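Read through the structure below, which is laid out as structure tokens, and then see the notes.
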Amino acid sequence: MTTAQDAARELFTSLTDRDPDGVWSAPGRVNLIGEHTDYNEGFVLPFAIPHRTVAAVGLRDDSRIRVASTFTDETVEVGIDELDGLFPTLRQAQGPSGEATPGVPEWAAYPLGVAWALQLAAPEGAFRGVDIAIASDVPVGAGLSSSAAIEGATATALNDLWHTDLDRTALARVGRRAENEAVGAPTGIMDQMASMLGEPDAAIFLDCRTLEAQLVPVGIAEAGLAILVMDTRVKHAHSTGGYGERRAACERGAAIMGASSLRDVSVADLGRAEELMDDVTFRRVRHVVTENQRVLDTVRVLREQGARAIGDLLVASHASMRDDFEISVPELDTAVEAALAAGALGARMTGGGFGGAAIALIEQDAVAPVSDAVTAAFAAAGFTAPHLFTVTPSAGAHRDA
Ligand code: GLA
């Protein structure tokens with residue numbers, strides 16, 4: 001049993017004086033390539049990581065939902081029939097800082113938002129009160145989708161206990177709705193799909209327009225390689241500022257091109273785009289359009305030549321995010337540059353940006369020297385020491401016990 005499983009069970013028992021009816025968990029994710037393409041109906045290639053969020057859950061005799069988490073001493077309790085009123089109120093009460101309304105702390109908006117969205121998605125379910133205890137070993141604010149992991153663990157648990165019988169894609173949609181409408185972060189669906197569909201040794205090649213997903217074997221370990229996560233410890237939140245602005249710029253760019261989304265704009269259209277729009281909007285568009293192409297290229301190269309050959313695509317993706325989409329920060333650039341200088345085959349920031357983590361594709365026997373080089377570069381720049389660890393593609397959400 002993992003530490004998070006033990007912690008969730010213990011918290012459940014201390015809350016209720018009984019054992020949970022079950023334990024469910026869902027992973028965080030790393031995105032190999034395809035950033036800010038999901039809400040543009042484009043392509044992404046994430047994989048689930050071994051770090052998971054665990055929900056120990058038990059049915060109650062009434063119709064109240066109580067949530068507790070090892071992150072905090074507070075518990076939050078609401079009636080199932082109050083959920084509908086709660087989230088519109090919560091959204092209106094959110095200030096520009098993204099802080100949740102008093103009474104519903106932001107952490108509780110994830111599981112309660114999932115309960116709310118699940119009811120709306122499957123109104124025929126057998127809704128009963130539940131106690132939910134959450135513990136996690138997914139680093140928070142590191143760009144590794146700790147939020148999708150909470151959503152995935154809660155959605156999988158409630159889907160079983162409430163007999164709502166939704167499939168994994170529908171549960172991913174429930175998670176995204178909770179994040180968009182209950183938490184107020186205007187994110188796409190990549191993280192929830194990765195957390196739901198992950199499989200060992202495979203990345204998920206997802207078409208975010210159709211939600212058609214293909215598992216692509218990555219063969220990283222077979223090739224003698226490793227993926228190093230370099231968590232900069234610079235925290236980010238997508239319910240505020242930059243993420244939404246980027247999204248708005250993409251929508252503006254698509255409208256100028258007469259397209260319903262940037263999915264329908266190709267690399268060949270970029271010359272015309274440059275003539276039609278201001279420089280900032282054009283560079284946002286160019287990132288998304290070229291990033292979609294890089295995802296397609298990465299899938300092809302992985303299939304034809306293997307993981308060793310994708311390094312340059314990762315490097316090009318980082319440059320595009322740094323220069324055109326402008327979502328990198330000095331710590332992310334330092335991590336990427338130091339890893340490459342120490343021999344990484346490729347490296348890029350991963351996730352929404354403005355902080356969080358970068359990944360590097362490295363030789364298995366280079367984990368220590370690359371880690372040392374990145375740590376030294378952070379120290380030389382006066383940055384907080386990074387958190388460095390390797391990940392392998394892992395299983396998606398499931399019932400553990
Ligand atoms: C965050 C969002 C995702 C996606 C990425 C950027 O992780 O949750 O939907 O937009 O940023 O690729």
Side-chain angles (χ1 to χ4, degrees), residues 4 7-8 10-12 14-16 20 24-26 28 52-58 60 62-120 129-155 157-158 174-187 191-192 195 235-241 243-244 352 354-356:
E10 273 167 32
L11 180 63
F12 184 91
S14 70
L15 194 68
T16 61
W24 291 259
S25 69
R52 301 179 79 85
T53 295
V54 180
V57 187
R60 295 163 57 112
D62 59 13
S63 55
R64 300 190 64 75
I65 303 183
R66 183 166 49 157
V67 286
S69 157
T70 54
F71 288 116
T72 167
D73 288 338
E74 63 191 335
T75 56
V76 175
E77 187 176 326
V78 299
I80 293 179
D81 58 354
E82 292 168 52
L83 289 171
D84 232 359
L86 191 61
F87 291 116
T89 320
L90 173 61
R91 286 199 304 283
Q92 280 157 22
Q94 267 175 349
S97 68
E99 276 167 29
T101 190
V104 184
E106 193 178 83
W107 69 267
Y110 292 95
L112 293 176
V114 164
W116 167 73
L118 185 55
Q119 273 194 304
L120 296 179
V130 279
D131 289 311
I132 304 174
I134 294 167
S136 182
D137 56 24
V138 185
V140 172
L144 301 174
S145 295
S146 55
S147 47
I150 295 185
E151 291 152 9
T154 313
L158 294 183
V174 162
R176 178 182 53 176
R177 182 160 193 190
E179 183 136 356
N180 290 170
E181 298 183 41
V183 180
T187 51
D191 305 344
Q192 292 79 11
S195 186
K235 302 288 179 208
H236 72 290
H238 296 322
S239 51
T240 54
Y243 187 98
F354 307 102

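Note that the structure is a prediction, hence the values are computed from the model and not measured. Here, residue 1 is the first one in the sequence, and each next residue gets the next number.
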> What pairs with Ala178 under side-chain contact (heavy atoms from CB on, under 4.5 Å), at least two apart in sequence or on another chain?
Replying inline: Val114

> Could you go step by step and tell me if Thr154 and Tyr110 meet the side chain to side chain contact (heavy atoms under 4.5 Å, CB included) rule?
Replying inline: CA-CA 9 Å; Thr154 313; Tyr110 292 95; over 6 Å; no

> Are side-chain heavy atoms of Pro111 and Ile150 found at a separation under 4.5 Å?
Replying inline: yes

> What is the minimum heavy-atom distance between Gly141 and Ser146, and which atoms define it?
Replying inline: N-OG, 4.1 Å

> For Arg176, which residues count as a side-chain hydrogen bond (donor to acceptor under 3.5 Å, both in side chains) partner, sequence neighbours excluded?
Replying inline: none

>> Test of understanding: with side-chain hydrogen bond (donor to acceptor under 3.5 Å, both in side chains), list the residues that count as partners of Glu151, not counting sequence neighbours.
In response: Gln192

> With Ala115, which residues qualify under side-chain contact (heavy atoms from CB on, under 4.5 Å), at least two apart?
Replying inline: Ile65, Leu83, Leu158, Trp162

>> With salt bridge (Lys or Arg N to Asp or Glu O under 4.0 Å) as the rule and sequence neighbours excluded, what pairs involving residues 72-81 come up?
In response: Arg60-Glu77, Arg64-Glu77

>> Keeping Thr16 on the side-chain end and Phe12 on the backbone end, is there a donor-acceptor pair under 3.5 Å?
In response: yes

>> Show the nearest heavy-atom pair for residues Ala148 and Glu179, with the distance to one decimal.
In response: N-OE1, 4.5 Å

> Got a second to check how far Trp107's CH2 is from Ser136's OG, nearest 0.5 Å?
Replying inline: 13.0 Å

>> To check you understand the geometry: which heavy-atom pair defines the closest contact between Ala135 and Ala7, and what is its length?
In response: CB-CB, 3.7 Å

>> Let me confirm one number: the CG-CD1 distance from Leu112 to Ile132, rounded to the nearest 0.5 Å.
In response: 7.0 Å

> Minimum heavy-atom separation for Asn180 to Ala185, with atom names?
Replying inline: ND2-O, 2.8 Å

>> The criterion is side-chain contact (heavy atoms from CB on, under 4.5 Å); which residues satisfy it with Leu15, sequence neighbours excluded?
In response: Arg66, Ala68, Thr75

> So which heavy atom on Asp191 is nearest to which on Ser145, and how close?
Replying inline: CG-OG, 3.0 Å

> Is there a donor-acceptor pair under 3.5 Å between the side chain of Asp84 and the backbone N or O of Trp116?
Replying inline: no

> Any idea which heavy atoms bring Ala153 and Ala26 closest together, and the distance?
Replying inline: N-CB, 3.3 Å

> Is the backbone N or O of Ser25 less than 3.5 Å from a side-chain atom of Arg52, with the two atoms forming a donor-acceptor pair by type?
Replying inline: yes

